[in-house]
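Note sheet for the following structure.
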There are 2 protein chains.
Amino acid sequence: MTDFDARSECVICNVLEIFGDKWTLLVIRDLFFFNKHEFKEFLASPEGIATNVLTDRLKRLSTHEIIREVRHPQNRSRKLYYLTEKGKGLFPILAEMAKWGEKWLPDLPAMQGLYNRLRTNPQLVRDEIFQQISQWESENILAAN
Amino acid sequence: MTDFDARSECVICNVLEIFGDKWTLLVIRDLFFFNKHEFKEFLASPEGIATNVLTDRLKRLSTHEIIREVRHPQNRSRKLYYLTEKGKGLFPILAEMAKWGEKWLPDLPAMQGLYNRLRTNPQLVRDEIFQQISQWESENILAAN
DNA sequence: CAAACCACTTGCAAAATGCAAGTAGCCCTG
DNA sequence: CAGGGCTACTTGCATTTTGCAAGTGGTTTG
């Protein structure tokens, strides 16, 4: 998983080697949809990621410039993780996954309002999410990105 | 990886448990973009999937009704795998991955024309691919899906 | 100053993967 | 109709990745 051990020249394959695994994509989901920014917050997700796996994924995402980290302004022992522009570009992928799931996995116990709205009103949801992101940025990082 | 050991109720998490790993997504890529339909064809992809892993992934995709298999019309020892409607619904996800890769991984040795066109002319490429799929279906399976 | 918190690290068992070598059924050729 | 090759697997085993529990070192809180 270094920078260029790419198994093939295929774009999709290279994309998958960066974020084509469940834990990585769940971290990205948390960043977009659940406004999470700290180690402990990702840990608290219901899927129960292990600490060593989370550490590894955050490192890989940083290496690939999909996320970036800063120290918590009020607390030196905490860190804040946030999406770069490259990372924000992943939104359509997550959105399409959610749409597909909404359509084809109808038996999920409680279809979350968020994902449901993502299908019925994608542009609105997208705007809300990016609005939330830029608000967070203006409050938490100085030179935005 | 049975049918309902879902780690959470989240739509995206459930989606990822079905096809959120590299090998599964590469098989789906081959079905959409490279018109592959046989075991040996998937094996021949440059990424080099192992036979046992390929068997496993084809089974899982079948279980989830994303692909279906039929016997080769001319040869009883061969099988043909093809996308169901549910599987065809994955196209936007792959397309978004390809678009993101085209934009953010500019250093790939040779950007394939296919993926490049997917970004500049998505609707056209989509139409061509679905055209190719339905032509294949009309030639190879009787009651289409 | 002790307890709690935070982002990790470590050790070890369990699971997934990679690889090489089968195997059973079908097909083709001589 | 015997032999070889093809096809979709299966098996066994070494290596890698993951999951889980228990640290660790620095920081903040009461």
Side-chain angles (χ1 to χ4, degrees), chain A residues 1-2 5-8 13 16-28 30-31 36-64 67-82 140-141, chain B residues 1-3 5-8 13 16-28 30-31 35-64 67-82 140-141:
Chain A
M1 300 291 165
T2 63
D5 61 350
R7 285 187 90 107
S8 84
C13 182
L16 293 176
E17 301 213 340
I18 296 174
F19 59 80
D21 77 280
K22 201 181 61 154
W23 292 125
T24 303
L25 283 161
L26 286 176
V27 169
I28 297 169
D30 283 347
L31 285 161
K36 297 191 175 186
H37 296 276
E38 295 191 45
F39 195 88
K40 62 174 173 173
E41 292 176 321
F42 299 119
L43 266 192
S45 291
E47 293 82 13
I49 189 170
T51 56
N52 52 352
V53 175
L54 179 55
T55 300
D56 176 73
R57 295 307 189 277
L58 290 171
K59 266 185 203 141
R60 279 168 52 183
L61 288 171
S62 286
T63 298
H64 289 287
I67 63 172
R68 202 165 287 150
E69 54 177 78
V70 285
R71 272 211 293 262
H72 191 291
Q74 268 83 53
N75 186 323
R76 212 176 313 202
S77 74
R78 285 155 76 185
K79 287 181 182 177
L80 297 172
Y81 303 91
Y82 63 97
N140 291 277
I141 54 185
Chain B
M1 303 288 167
T2 62
D3 223 324
D5 61 350
R7 284 186 89 107
S8 82
C13 181
L16 292 175
E17 302 214 338
I18 295 174
F19 59 81
D21 77 281
K22 201 181 64 157
W23 293 124
T24 303
L25 283 160
L26 287 176
V27 168
I28 296 169
D30 284 347
L31 286 160
N35 201 28
K36 298 192 175 186
H37 296 276
E38 296 190 44
F39 194 88
K40 63 173 173 176
E41 292 177 321
F42 298 119
L43 266 191
S45 291
E47 294 83 13
I49 189 170
T51 56
N52 51 354
V53 176
L54 179 55
T55 300
D56 176 72
R57 295 306 191 277
L58 291 171
K59 265 184 202 142
R60 279 169 49 181
L61 287 171
S62 285
T63 299
H64 288 287
I67 63 173
R68 202 166 285 149
E69 53 177 80
V70 285
R71 273 209 294 261
H72 191 291
Q74 268 83 54
N75 187 322
R76 216 173 313 201
S77 75
R78 286 157 75 187
K79 287 180 182 178
L80 297 172
Y81 303 91
Y82 62 98
N140 291 278
I141 53 182

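Residue numbering restarts at 1 for every chain, and letters A, B, ... go by the order of the sequence lines.
- By the 4.5 Å heavy-atom criterion applied to side chains, B:I67 and B:Y82 are not counted as neighbours.
- Nucleic acid contact class of A:R57 (heavy atoms, under 4.0 Å, all strands): sugar-phosphate only.
- Taking only distance into account, the side chain of B:T55 never meets the base of D:dT10 through a donor-acceptor pair shorter than 3.5 Å.
- Listed pair B:W23 / C:dG18 meets the phosphate criterion, a side-chain N or O lying under 4.0 Å from OP1 or OP2.
- In this structure, B:R78 atom CZ and D:dC9 atom C1' are separated by 15 Å, rounded to whole Å.
- At a threshold of 4.0 Å, the pair A:K79-A:E38 does not count as salt-bridged, since none of the basic side-chain nitrogens sits closer than that to a carboxylate oxygen.
- B:I49 has its CD1 atom 12 Å from the P atom of D:dC9, to the nearest Å.
- When rounded to the nearest whole Å, the span between NE2 of A:H37 and C1' of C:dC6 equals 18 Å.
- A straight line from CD of B:E69 to P of D:dC9 spans 6 Å, rounded to a whole angstrom.
- Counting to the nearest Å, the P atom of D:dA8 and the CG atom of B:L58 are 10 Å from each other.
- Between B:R71 atom CZ and C:dC27 atom C1' there is a gap of 15 Å when expressed in whole angstrom units.
- No option in A:L25, A:D30, A:L31 other than A:L31 meets the side-chain contact (heavy atoms from CB on, under 4.5 Å) test with A:V27.
- Shown here for B:S45 and B:K36, the closest heavy-atom pair between the two residues is OG-NZ, 2.8 Å.
- Between B:N52 atom CG and C:dG18 atom P the separation is 8 Å, expressed in whole Å.
- Of the two residues contacting DNA chain D, namely B:L80 and A:D21, the nearest-nucleotide position lying further toward the 5' end is that of B:L80.
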Whether each nucleotide of nucleotides 25-30 of chain D has a protein heavy atom under 4.0 Å at its base (B), only at its sugar-phosphate (S) or at neither (-) is summarised, 5' to 3', as --SS--
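- The shortest distance between side-chain heavy atoms of B:E47 and B:W23 falls below 4.5 Å.
- Nucleotide C:dG25 holds its C1' atom 12 Å from the NZ atom of B:K79, rounded to whole Å.
- B:T24 and B:D21 are linked by a side-chain donor-acceptor pair at a separation below 3.5 angstrom, with hydrogens and angles left out of the test.
- At least one side-chain heavy atom of B:S62 sits less than 4.5 Å from a side-chain heavy atom of B:E69.
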